[in-house]
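Notes follow the structure.
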Amino acid sequence: MTLQLHNTLTRKTEPFTPIQEGKVTLYTCGPTVYDFPHVGNWAGYIYWDILVRTLISNGYNVERVMNITDVGHLVSDADEGEDKLEKGARREGKSAWDIAEFYAEDFLAGIEKLGLIVPEHIVRATEFIPQQLDLVRTLKQKGFTYQIDDGIYFDTSKFPTYADFAELDLEAQKAGARVAFNAEKRNPSDFALWKFTPKNEKRDMEWETPTDLLDEPVSGEAKVMGFPGWHLECSAMAMSILGDTIDIHTGGIDHIPVHHTNEIAQSESASGQIFSHYWLHNNHLKVNGTKISKSLGNGFTLQNLADRGFSPLDYRMFILQSHYSNEGNFTFENLAAARNRLNHWRNVAALRHQAHDTLAQNKTKEDDPSLAVIGLIKTALNDNLNSPEALRVIDEVFSHLESHNLDRIDSHALNQLLETIDQLLGLQLIATTPDIDDETKQLIIQRERAREEKNWQTSDELRDRLTAKGIAVRDTQDGTVWEYV
RNA sequence: GGCGCGUUGACGGAACGGUUACGUGGAGGUCUGCAAAACCUUUUAAAUGGGUUCGACUCCCAUACGUGCCUCCA
């Protein structure tokens with residue numbers, strides 16, 4: 001099956017065809033680094049990691065950009081207009097730069113813990129200020145911008161297809177708007193490309209506004225300091241690194257109506273080209289049936305999970321159990337179910353240390369269930385990243401393997417299956433299931449001897465010693481099999 | 001007020017117009033020196049009401065409930 005993806009642009013699941021044969025350019029909207037990422041944030045990154053792995057398994061060379069938003073992402077609550085980074089800095093008594101650095105590092109550490117493939121380009125908004133200003137300049141020269149008191153704005157009425165991507169009803173929104181909008185804006189949907197630092201205010205992060213971007217002097221000041229609007233960075237980074245048109249752009253569904261709509265407007269207005277051929281959006285994760293929000297305190301972090309005894313890979317398994325377009329529900333009970341499933345898989349993976357590859361010669365896909373299922377896993381993922389289906393077929397083959405005696409298992413084929421699962425799903429089954437040491441093996445052999453002599457007391461003692469080492473044994477018709485406790 | 005999405009068994013969660021999803025948990029059983037694991041069985045599955053159809057969890061309509069977004073909130 002060729003790769004099919006659901007494209008938000010067309011609202012259809014369609015075959016994937018890259019611009020350039022054999023190569024995929026991919027942009028993933030990354031985090032705003034003002035706090036620890038929570039489980040909902042990570043869910044998206046896990047799903048897009050599966051996308052990358054699936055693309056690679058289809059033979060594509062993937063070049064991927066992920067941004068780290070370290071400036072310009074404003075809050076909208078009571079203290080409207082404030083920058084999240086600056087706010088975080090005030091909260092913690094540090095500078096915005098310190099805040100960005102700290103949480104960016106934490107994010108990168110999380111990528112490592114979850115076994116996510118690191119994007120080729122992880123770039124920070126503050127490293128791309130000149131490119132962002134260039135983009136504003138181009139838009140200004142083409143007549144898409146205007147200046148008001150607090151910044152330079154994009155005139156969405158100049159981009160006739162503005163409402164198409166999110167299927168917005170701009171008139172209806174105008175009528176029903178809850179929040180009073182900036183009266184100086186020409187259209188309610190217009191958004192800031194570049195904001196001016198308010199008078200009598202000193203930001204940690206600000207840059208001089210090039211004079212050629214200004215329609216008129218601001219309050220007679222010689223130097224006008226400012227900072228980029230939040231949407232600008234993604235367009236500037238994507239186009240300057242990957243080109244005017246990219247293959248795939250991913251993000252959370254919340255980005256459809258505003259952020260991605262604005263990205264499309266400013267990018268396509270500047271370049272005159274299609275910005276991205278495919279747009280993929282992950283649904284949001286709920287916690288205990290409700291939205292994740294700061295005020296509820298339900299935005300669990302990886303550290304919160306670790307405190308309760310759950311590993312990042314347990315969480316990865318939990319996420320893969322539901323489809324990226326499905327609204328997931330996180331509870332610790334469900335996470336425990338995922339952990340149990342993963343532990344079960346690890347014990348199947350451990351069978352490779354105990355089986356032989358005597359059957360390996362002349363093995364074909366038809367002969368061996370382990371090899372046969374590899375194709376099924378790829379087919380599932382090629383069907384719009386259907387990870388739950390992939391897990392299902394793995395469960396089936398694992399169940400099949402377990403129900404047979406060891407001598408029916410081909411360790412060579414099992415190894416190949418495990419490698420494939422690790423490549424496609426990143427569950428690190430091989431890395432987390434080392435062989436037992438020689439001393440432990442000796443204990444198992446001694447116990448088998450004791451059992452042959454029907455010396456139950458000795459064999460039970462040996463079993464206890466093995467348990468203390470974290471190894472459980474089960475006695476089958478053709479010998480003892482060990483597992484991790 | 002506007003626009004949208006969802007509602008599957010104890011819990012999570014897929015596919016599919018007609019066949020046991022699968023996983024986790026509970027109960028019983030087989031096997032076993034005892035265990036464990038595995039296997040088998042079981043744990044009334046499709047919010048409600050209509051319709052289309054030979055046949056609907058799967059398509060259409062309505063109702064209820066839940067939920068998301070509405071201009072800088074993952």
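Each chain gets a letter, A, B and so on, in the order the sequences are listed, and its residues count up from 1.
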Looking only at the aromatic ring of each residue, does the gap between the centers of A:Y153 and A:W194 stay below 6.0 angstrom?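 No, they do not, as the ring centres are separated by 6.0 Å or more.
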
Using the benzene-type ring in the case of Trp, are the ring centres of A:W482 and A:Y484 under 6.0 Å apart?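 Yes; A:Y484 has its ring centre under 6.0 Å from that of A:W482.
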
State whether [X] places a side-chain N or O below 4.0 Å from either non-bridging phosphate oxygen (OP1 or OP2) of [N].
X	N	value
A:H344	B:A38	yes
A:K291	B:G6	no
A:K286	B:G68	no
A:Y34	B:A74	yes
A:S399	B:C39	yes

Under 3.5 Å, is there an N or O donor on one side and an acceptor on the other linking the side chain of [X] and the base of [N]?
X	N	result
A:N334	B:G13	no
A:D475	B:C31	no
A:R463	B:C34	yes
A:T331	B:G12	no

Nearest whole Å is fine: how far is B:C5 C1' from A:H6 NE2?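 So the NE2-C1' distance, A:H6 to B:C5, works out to 12 Å.
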
For [N], the Watson-Crick or wobble counterpart (both distances under 3.5 Å):
N	result
B:A35	none
B:U20	none
B:G4	B:U67
B:A62	B:U48
B:C57	none

Heavy atoms under 4.0 Å, any strand shown: does [X] hit a base, just sugar-phosphate, or nothing?
X	answer
A:G328	sugar-phosphate
A:A192	base
A:N262	nothing
A:L285	base
A:V473	base

When the [atom1] atoms of [N] and [M] are considered, how many whole Å apart are they?
N	M	atom1	result
B:G12	B:C3	C1'	30 Å
B:U42	B:U20	P	12 Å
B:G13	B:A47	P	15 Å
B:U24	B:C69	P	34 Å
B:A62	B:A10	C1'	31 Å

Report the C-alpha separation of A:H38 and A:T301 in whole Å, then their side-chain angles, then the decisive distance to 0.1 Å, and conclude whether the side-chain hydrogen bond (donor to acceptor under 3.5 Å, both in side chains) test is met. CA-CA 4 Å; A:H38 56 62; A:T301 65; over 6 Å; no

If the plane angle is over 60° it's perpendicular, under 30° parallel, otherwise tilted; pick one for A:F398 and A:W345. perpendicular

May I ask you to say whether A:E461 pairs ionically with A:R465, meaning some side-chain N is under 4.0 Å from a carboxylate O?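 Salt bridge between A:E461 and A:R465, a charged N being under 4.0 Å from a carboxylate O: no.
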
A:D435/A:K441 salt bridge by N-O under 4.0 Å criterion: yes

Would you please determine if the base of B:A74 is stacked by A:H284, with stacking meaning a centroid separation under 5.5 angstrom and planes under 30 degrees? yes

Assign each of A:N326 and A:G40 to its nearest nucleotide of RNA chain B by heavy atoms, then name whichever residue's nucleotide is nearer the 5' end.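 It is A:N326, whose closest nucleotide lies nearer the 5' terminus.
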
Identify, between A:N386 and A:N282, the residue whose nearest nucleotide on RNA chain B lies closer to the 5' end. A:N386

Note, A:M317 side chain near A:R341 side chain (heavy atom, < 4.5 Å): yes

